[in-house]
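To start, the structure under review is shown below, and the notes come after it.
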Amino acid sequence: MTGPALPRLTAGTLDRLRPGVAAHPRHPDARIGIVHLGIGAFHRAHQAVYTEDAMAAEGGGGWAVLGVTQRSRAVVEQMRPQDGYYGVLEVDEGVESARVVGAVAEVASAPDEPERVRAAIADPAVGVVSLTVTEKGYRRGGDGRLDLTDPAVRADLQRPDAPSTAIGQLVRGLQRRARDGAPLTVVSCDNLVGNGAVLAGLVADFCAALPPAEGGPLAEWVAAAVRFPSTMVDRIVPATTADDRERAARLFGVRDEALVVAEPFRQWVIEESFAGPVPAWERAGATLTADVAPYEAVKLRLLNATHSLLAYTGALAGYPTIAEAVRDDRLAAAATAFMDSDALPTLVAPDGIDLADYRRTVLHRFANPALRHRTTQVAMDGSLKLPVRLLPILRARLRAGAQPRWAALALAAWMAYVARGRDVQGRPLPLDDPLADRLREAAAGSRRGLAERMLGLPEVFDDELRDSVELRDLLDEHLDELLGEVRPSASGP
Ligand code: CS2
């Protein structure tokens, strides 16, 4: 029992960290300059690390983060008693390295402390608001605009004091900030196409839905004083487990409830469009560019779409993790064929990126056995993820007159995952998706019409894909195979 007997990681126990665990005590000049909405594992392993490294490169204190949790209070309970400090455990085949990060100086819970969040966004000393709230956190309707039929969005439009959506929190903060008029840079760090422009559009939609005397001037001020750079973020960060915490406790010599585990690789490409000063993230390895779009397309289509293909086919085949799925020769071959035949022809290489290299690296990263990234975690929220990462490939290839066989496999595997809800050995697969009920309803019924019924979901598919006979035929073919008989458990992996 290493864990419970050890002291907790705090500012006061940093000097008890075992040798080899790098930690920088927070600089005495550090002030909250960044408000981050959605302080989950990904932010802690990605942007917070870049911010800390940027501070170190500049040799100063400067920027600290106020991390805001959206719903669960767990992160506040993990981080507050630790004075915001947490460990990042980098794992790779046979290699493990650890550091303690102090960039997040404070944490707040949006449901419990709405006034604090609003005041922080309005604070002129804050120069950046960043977000990792996942695809579903943006509350978009089928047309990509703010979903004004969503009850949480409607509630946020009516009550300024306690917004529950990220867009509501942001706009209510901007509303107060507009009084002093300090400019602000708002940085979306989620896997969306053109995330900066999307977020700017959602903020504008929210303003337009407010009473005109309120929303009109606000929208004007936002257009003049707020910048929404697009970014491409990349680092594989699985959910932390109790085992990870035990391992880290042995390595650190202190107990860390806020630990995150990540692969060594990380990348951040940021559109150089800022309203005022921001941390020198480029000194920590981030790329600043005038156009993020080509980087983003490469990442979404080669990494995320292939991830989904492996997640659904892998989960159905009974593999708990992505690393195990990609070690199956058949699934690895499907992933490779998908990238080569379907995804790559839709991409243009951005400056400095060799696509053949990128594709090899992606498969190597997926094979990292120490990450234990669960197939069911990547399988979550498919109705929101696939339209961003996979459907653009299908559309482009069908328009080019090609047969996107492997992209159709990824989509069929999602449909089979929903329809069967069990892996090859009969073990249940969770359907974690805001549209779960609609998906189950469409999936119920005969196997023959499954693809057609699923393609008829307007929240996910446009008319072009719904009406494509080529796509439906490919899906039917794959579904026949994927939904074949459940094998007895002895023959499963
Ligand atoms: C994954 C991503 O869960 C998922 O859908 O594809 O979270 C992926 O791990 C990250 O985008 C990697 O940067």
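We count ligands from 1, going down the list as the structure has it; atoms in each ligand are counted the same way.
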Measure from atom 2 (C) of ligand 1 to every heavy atom in Val362, Asp234, Asn304 and give the option owning the shortest one.
Asn304

Can you tell whether the side chains of Glu90 and Arg99 come within less than 4.0 Å, N to carboxylate O?
no

Pairing of Glu441 and Arg453 as salt bridge, 4.0 angstrom limit:
no

When you compare ligand 1 with [X], is there at least one nitrogen or oxygen pair between them that comes in under 3.5 angstrom?
{"X": "Lys385", "result": "yes"}
{"X": "His373", "result": "no"}
{"X": "Gln377", "result": "no"}

Determine whether more than 12 heavy atoms belonging to other residues, nucleotides or ligands lie under 6.0 Å from atom CG of Asp351.
no

Around atom CZ of Arg145, are there more than 12 heavy atoms from other residues, nucleotides or ligands closer than 6.0 Å?
no

Per-atom contacts, ligand 1 versus [X] - under 4.0 Å to a heavy atom:
{"X": "Arg235", "result": "12 (C), 13 (O)"}
{"X": "Lys299", "result": "10 (C), 11 (O), 12 (C), 13 (O)"}
{"X": "Arg389", "result": "4 (C), 5 (O), 6 (O)"}
{"X": "His307", "result": "1 (C), 6 (O), 8 (C), 9 (O)"}

With a distance cut-off below 6.0 Å to the six-membered ring centre and an angular limit of 45° from the axis, does Arg26 pair with Tyr85 as a cation-pi contact?
yes

Decide whether Thr289 and Asp291 meet the rule of one side-chain donor and one side-chain acceptor closer than 3.5 Å.
no

Checking Trp268 against Thr287: is there a side-chain donor and acceptor pair closer than 3.5 Å?
no

Any atom of ligand 1 sitting under 4.0 Å from a heavy atom of Met380?
no

Name the closest protein heavy atom to atom 7 (O) of ligand 1, giving the residue it belongs to and the distance to 0.1 Å.
Asn191 ND2, 4.5 Å

